[in-house]
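Some notes on the structure that comes next.
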Amino acid sequence: MKKLSLYITLALVSLFLGACSGEYEPWGNPQSYSEEGSITIPGIKANAVATQDLANAGEKVSLFTLTTAELPDGYTLQNARIQLYPEDLDGATATTINTTIEGMATKTEVQAMVEKYFGKRPVARKFKAHVFLNTVKDGQAALIDAGTIAVTVIPDAPFIDSAYYLITDASSWSKNNAKVFSHSDADVYKDPVFTLFITTTAPNTRWKIVTKTNYDGDLLAEGKTGVLGTTVKDDTSMEGTLTTTNPQAGMIKNAGMYRITINMLTYTYKIEKLNFTEFLYMAGDANSWSHSDILHGPAFDGKYHGYMYLTQNGFKFSTQPNWNGTNYGKGFSTDGGADNIMMTEPNGFYKVELDLQALSYKLTPITTIGIVGDATGSWDNDVVMSYDAATHKWVAQHVTLSNGEIKFRANGTWNISWGGTDLTKLTSNGGANIAVTAGTYTIKLKPSYDGNTVAELIAE
């Protein structure tokens with residue numbers, strides 16, 4: 001031990017003589033002690049520990065243990081830290097975590113470090129690690145390199161399955177009648193929210209939620225990966241906590257259409273009764289925020305369509321032709337301060353299909369609208385119309401028609417076309433050919449929802 005102590009003394013004295021003689025600074029300012037200026041000392045060495053599962057950890061987590069040597073009189077070990085580099089992530093920079101001399105770090109810091117690189121999914125994550133600490137005497141500190149080790153950590157996160165299903169007593173708790181929740185394409189630990197729209201036809205519908213694990217195996221098996229329910233039997237609460245421990249059936253008290261949202265990172269649920277309006281209104285940069293473009297949902301099922309001009313400068317959808325109803329912004333948020341919806345498609349005229357069940361919309365570009373029919377001379381060649389941004393109408397001038405029939409179609413195909421017997425109520429849903437008389441006309445078309453598209457034939 002005397003030889004070891006002598007070696008340590010010589011190493012430390014040599015380091016201190018070559019170091020600055022200023023006041024000792026706390027190790028919270030690590031750039032004061034470059035790794036290049038560190039020394040290794042026999043007997044002071046970091047040792048790897050077993051895999052740390054943060055789900056079972058207390059407030060402190062062991063990242064390493066330290067073998068220490070007897071230091072000369074007046075020297076103490078202080079200010080340990082560990083630099084962790086994630087394996088298999090090219091270009092990733094290290095994260096430094098302060099520890100005790102015994103290698104203990106706070107669970108919160110370790111959890112945040114793992115999430116930064118890998119997210120919340122609870123699988124073993126491997127790191128290359130380097131341990132440093134100070135030896136301090138008389139207010140001066142020297143940097144000790146305690147060596148490199150491997151560190152493996154499993155982050156703390158609940159079990160989240162790849163899919164979830166709703167079962168109810170209305171269908172005898174049957175797997176065959178289970179309704180699957182929708183989910184994005186993202187990893188479930190990045191997006192833990194699942195959504196389902198259901199219509200109940202009877203009061204007091206009882207429900208439970210089934211994991212894909214159960215759906216593929218024992219439907220009502222309980223346990224960590226098993227069926228989920230409420231903590232109270234026949235709980236009619238519209239939001240609350242889900243549990244896999246003695247799960248009870250929740251209850252939807254009144255018949256109707258509902259959106260059920262579950263967040264499996266927090267194991268919570270929310271049930272919202274839906275009362276879809278027949279119409280939605282678009283307010284945006286394209287129509288000077290006037291709510292003048294209308295979408296129609298004839299089935300009252302939250303699915304709407306309409307035709308309108310849109311720009312990349314933003315828009316919202318509203319349940320009233322003003323801001324007094326429910327307004328849907330970015331991500332279909334109904335928060336009063338929600339950002340506008342910003343499309344990436346080019347400015348232009350579109351068929352807009354909006355689904356408030358799926359919280360999504362689809363834009364089909366309409367680049368041309370043409371007039372076709374035997375009255376124009378052909379059902380194959382379009383008389384091309386031009387879009388008038390001032391009136392939001394498509395216009396063709398000096399069109400010569402013979403006695404016969406016409407229709408309007410988009411993009412030179414029959415995927416979208418308008419017809420009907422009433423020029424003020426044209427539809428793209430199986431509309432009849434339009435009878436016309438011979439003459440020369442200015443023809444205008446203002447596409448709207450089905451039954452509200454208006455055509456004008458103005459004799460010249």
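This structure is a prediction, so every number in the text was calculated from the model and none was measured. Below, all heavy atoms of this structure are taken into account, side chains as well, without hydrogens, waters or symmetry copies.
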query: D191 side chain to V193 main-chain N or O, any donor-acceptor pair under 3.5 Å?
result: yes
Backbone N/O of T211 and side chain of N214: donor-acceptor pair under 3.5 Å: no
- prompt: Is a side-chain N or O of Q248 found less than 3.5 angstrom from the main chain of D235, in a donor-acceptor match?
  reply: no
message: Please check this pair: side chain of K175 against backbone of Y215, looking for a donor-acceptor N/O pair closer than 3.5 Å.
response: yes
Below 3.5 Å, can you tabulate the donor-acceptor pairs from side chains in residues 452-460 to any protein atom, sequence neighbours excluded?
| unit_1 | atom_1 | unit_2 | atom_2 | d |
| --- | --- | --- | --- | --- |
| N452 | ND2 | S448 | OG | 3.0 |
| T453 | OG1 | S448 | N | 2.8 |
| T453 | OG1 | S448 | O | 3.3 |
| E456 | OE2 | K393 | NZ | 3.0 |
| E460 | OE1 | H398 | ND1 | 2.8 |
| E460 | OE2 | H398 | N | 2.9 |
| E460 | OE2 | H398 | ND1 | 3.3 |
| E460 | OE2 | T442 | N | 3.4 |
| E460 | OE2 | T442 | OG1 | 2.6 |

query: What is the ring orientation for W414 with W379, classed by angle as parallel under 30°, tilted 30 to 60°, or perpendicular over 60°?
result: tilted
task: Can you measure from CE (M251) to OG1 (T230) and round to the nearest 0.5 angstrom?
output: 9.5 Å
message: Contact between Y117 and L84 at the side-chain level, heavy atoms closer than 4.5 Å - yes or no?
response: no
- prompt: Would you say the side-chain atoms of Y189 pair up with the backbone N or O of I160, donor to acceptor, closer than 3.5 Å?
  reply: yes
task: Decide side-chain contact (heavy atoms from CB on, under 4.5 Å) for I416 and W418; before the verdict, give the C-alpha distance in whole Å, the side-chain angles of both, and the deciding distance to 0.1 Å.
output: CA-CA 7 Å; I416 301 174; W418 293 270; 3.7 Å; yes
Intermediate values then yes/no, side chain to side chain donor-acceptor pair (under 3.5 Å), N411 and T413: CA-CA 6 Å; N411 303 327; T413 73; 5.8 Å; no
Nearest-0.5 Å distance that lies between atom NZ in K120 and atom NZ in K190: 10.5 Å
message: Just verifying a value: how many Å separate T99 OG1 and F132 CZ, rounded to the nearest 0.5 Å?
response: 12.5 Å
- request: Looking only at non-hydrogen atoms, find the nearest pair between N254 and T200 and report the distance.
  value: O-OG1, 3.5 Å
message: Do Y307 and S428 make a side-chain contact, defined as non-hydrogen atoms from C-beta onward lying under 4.5 Å apart?
response: yes
message: Quick check: closest heavy atoms across A105 and L63, and the distance to 0.1 Å?
response: CB-CD1, 3.8 Å
- prompt: Any donor-acceptor pair under 3.5 Å linking the side chain of T376 with the backbone of G373?
  reply: yes
- prompt: So do the side chains of L242 and M264 get within less than 4.5 Å of each other, counting heavy atoms only?
  reply: yes
field: Sub-4.5 Å side-chain heavy-atom contact between S237 and V232
entry: no
Worked check of side-chain contact (heavy atoms from CB on, under 4.5 Å) between L445 and I369: CA-CA 9 Å; L445 182 76; I369 292 180; 4.0 Å; yes
Backbone of N176 reached by a side-chain donor or acceptor of S174 within 3.5 Å: yes
- prompt: Is there a side-chain contact (heavy atoms from CB on, under 4.5 Å) between T213 and F159 once you walk through the steps?
  reply: CA-CA 11 Å; T213 300; F159 169 75; 3.9 Å; yes
query: How about F408 and L426: do any of their side-chain heavy atoms sit closer than 4.5 Å?
result: yes
message: Determine whether L354 and F332 satisfy the following criterion, side-chain contact (heavy atoms from CB on, under 4.5 Å), listing intermediate values before the conclusion.
response: CA-CA 11 Å; L354 189 148; F332 288 88; 4.0 Å; yes
field: Inter-residue atom distance Y258.OH - L274.CG, 0.5 Å rounding
entry: 9.0 Å
task: For Q312 and T344, indicate whether the former's side chain and the latter's backbone hold a donor-acceptor pair under 3.5 Å.
output: yes
- request: Among D169, T168, D234, find the residue that satisfies the side-chain hydrogen bond (donor to acceptor under 3.5 Å, both in side chains) test when tested with R206.
  value: D234
message: Less than 4.0 angstrom from a charged side-chain N to a carboxylate O is my criterion; do K107 and E59 meet it?
response: no
D161 side chain vs K212 backbone, donor-acceptor pair below 3.5 Å: yes
- prompt: Any chance NZ of K126 has more than 12 other-residue heavy atoms, nucleotides or ligands included, within less than 6.0 Å?
  reply: no
field: Geometric class of the H296/F279 ring pair [parallel <30°, tilted 30-60°, perpendicular >60°]
entry: parallel
- prompt: Are any of the side-chain heavy atoms of V114 and F127 separated by less than 4.5 Å?
  reply: yes
statement: Those residues at least two apart in sequence (or on a different chain) that pass ring pair (Phe, Tyr, Trp, His ring centres under 6.0 Å) with W207 are Y269
message: Give me the atom names and distance for the closest heavy-atom approach of V372 to R409.
response: CG1-NE, 3.8 Å
task: Verify, without hydrogens or angle tests, whether N263 (side chain) and L265 (backbone) share a donor-acceptor contact under 3.5 angstrom.
output: yes
query: Just how far is it from atom CD1 of I434 to atom CD1 of I406, taken to the nearest 0.5 Å?
result: 5.0 Å
task: Find the distance between CG (L54) and CZ (R125) and round it off to the nearest 0.5 Å.
output: 12.0 Å
- prompt: Which atoms form the tightest heavy-atom contact between L310 and M282, and what is the distance?
  reply: CD2-CE, 3.6 Å
task: Would you check if W173 and V227 make a side-chain contact, meaning some heavy-atom pair closer than 4.5 Å?
output: no
message: Ring centres under 6.0 Å, that's the criterion: do F181 and H183 meet it?
response: no
field: Where G336 and K316 come nearest, the two heavy atoms and their spacing
entry: O-NZ, 4.4 Å
query: Is there a side-chain contact between I443 and L401, using heavy atoms and a 4.5 Å cut-off?
result: yes
query: Excluding sequence neighbours, so at least two apart, what forms ring pair (Phe, Tyr, Trp, His ring centres under 6.0 Å) with F315?
result: F317
- prompt: What do you reckon, is NZ of K116 surrounded by more than 12 foreign heavy atoms closer than 6.0 Å?
  reply: yes
statement: Note: F194 and V188 closest approach over all heavy atoms is CZ-CG1, 3.8 Å
query: Any luck finding a side-chain donor-acceptor pair between D450 and N429 under 3.5 Å?
result: no
